[in-house]
Amino acid sequence: MSRENGQNITVYLTEEQINKRVAEIGAEITEKFKGESVYLICILKGSIFFTTELAKRIDLPLEMDFMTVSSYGAQTVSSGVINVKQDLSGSIEGKNVIVVEDIIDSGNTLSRLLQLFKSRNPKTLTLCTLLDKPDRRVVKDVVVDYTGFVVPDKFIVGYGLDWDQKYRNLPYIGFVEE
Ligand code: IMP
Ligand code: MG
């Protein structure tokens, strides 16, 4: 247990565990796209640390791009409507696109994003998430290609994930104790 900003956080995954798993995923992606280049899309803000760490572990010609979407507002339940606050800077047409998310909860955000990216005609579309919370899935048709860790139905913070914009900078992943 660690005390951060007056809140008790239970450490669930250490920085070492996370980085080891990210390196494994990077190696798998490197193998899968051997001889090709990839276009890595970071879904801001939550997947910032995961994307940068993963990019360093992919040994291929690689472009990085960023998209900011909001799904929650102040609530803790995703609405199913996503708001693209900042779009990609480049075209993904004909490219091997890898979408990098921090966590899949209801699946609404990713499902909407996939529809959007598909409509832009990439060569391939791969989904990668650091965390998966399957107990909360509402959208059943989202198929994830790479998952870092399956997590229980608790509110998770750290390594990019926030609680009301706080705790993103924790180097580990933990649960907020209410
Ligand atoms: P979904 O649309 O319900 O799948 O929610 C996806 C987004 O909600 C993620 O990209 C996160 O930004 C946020 N989210 C879902 N669960 C958690 C959590 O446990 N901690 C922090 N953010 C979360
Ligand atoms: Mg997110």
Side-chain angles (χ1 to χ4, degrees), residues 1-15 17-18 21-22 25 39-55 64-88 92 97-119 125-178:
M1 185 95 82
S2 168
R3 186 119 184 121
E4 313 275 356
N5 288 316
Q7 205 85 33
N8 287 323
I9 314 273
T10 301
V11 180
Y12 182 66
L13 297 164
T14 65
E15 189 173 17
Q17 286 174 299
I18 300 165
R21 183 70 190 115
V22 174
I25 295 172
Y39 196 97
L40 207 61
I41 298 179
C42 173
I43 308 300
L44 292 170
K45 303 171 189 169
S47 67
I48 180 76
F49 296 117
F50 179 35
T51 305
T52 54
E53 193 57 37
L54 181 63
M64 289 176 81
D65 208 341
F66 302 85
M67 182 182 261
T68 308
V69 301
S70 66
S71 52
Y72 271 20
Q75 311 107 270
T76 51
V77 186
S78 151
S79 57
V81 180
I82 60 162
N83 176 17
V84 176
K85 291 183 158 180
Q86 183 199 285
D87 208 337
L88 301 174
I92 61 170
V97 169
I98 302 175
V99 181
V100 185
E101 255 287 30
D102 51 357
I103 186 166
I104 305 184
D105 190 25
S106 69
N108 279 321
T109 306
L110 215 44
S111 157
R112 297 297 158 122
L113 279 175
L114 287 185
Q115 286 171 11
L116 179 64
F117 291 143
K118 268 184 197 155
S119 74
L125 190 54
T126 299
L127 269 188
C128 187
T129 184
L130 179 61
L131 306 174
D132 186 358
K133 219 190 257 180
D135 292 351
R136 301 243 309 171
R137 195 66 36 84
V138 173
V139 180
K140 303 287 177 195
D141 62 343
V142 176
V143 179
V144 184
D145 301 281
Y146 300 96
T147 300
F149 302 91
V150 174
V151 295
D153 184 9
K154 293 194 175 209
F155 202 78
I156 287 159
V157 293
Y159 206 84
L161 289 106
D162 74 303
W163 187 62
D164 201 15
Q165 297 303 322
K166 289 185 303 234
Y167 308 118
R168 289 194 199 278
N169 59 322
L170 298 180
Y172 57 87
I173 284 171
F175 304 132
V176 180
E177 298 295 335
E178 311 260 4

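Counting from 1, the numbers follow the sequence of the chain as shown. Both counts, for ligands and for their atoms, begin at 1 and track the order of listing.
Just one residue in the list D145, L110, T129 forms a side-chain contact (heavy atoms from CB on, under 4.5 Å) with V99, and that residue is L110.
The shell of residues lying under 4.0 angstrom from ligand 1, judged by heavy atoms, excludes K45. Using a 4.0 angstrom heavy-atom cutoff, G46 does not count as in contact with ligand 1. For the pair I103 and ligand 1, a heavy-atom separation below 4.0 Å is found. Using a 4.0 angstrom heavy-atom cutoff, K154 counts as in contact with ligand 1. For V139, the heavy-atom gap to ligand 1 stays at 4.0 angstrom or more.
At a 3.5 angstrom cut-off on N or O pairs, I156 counts as close to ligand 1. Here's the thing with L110: none of its N/O atoms is less than 3.5 angstrom from an N/O atom of ligand 1.
Under 4.0 Å from ligand 1, the heavy atoms of L161 that appear belong solely to its side chain. Using a 4.0 Å cut-off between heavy atoms, I43 makes no contact with ligand 1 at all.
Put simply, the side chain of R168 never gets that close to the backbone of G158: no donor and acceptor are under 3.5 Å apart.
L13 places none of its side-chain heavy atoms less than 4.5 Å from the side chain of R21. Side-chain contact check for V143 versus L127: every heavy-atom pair is 4.5 Å or farther apart.
Residue contact check: T109 has heavy atoms under 4.0 Å from atoms 1 (P), 2 (O), 5 (O), 6 (C) of ligand 1. Each of the atoms 10 (O) of ligand 1 lies under 4.0 Å from some heavy atom of E101.
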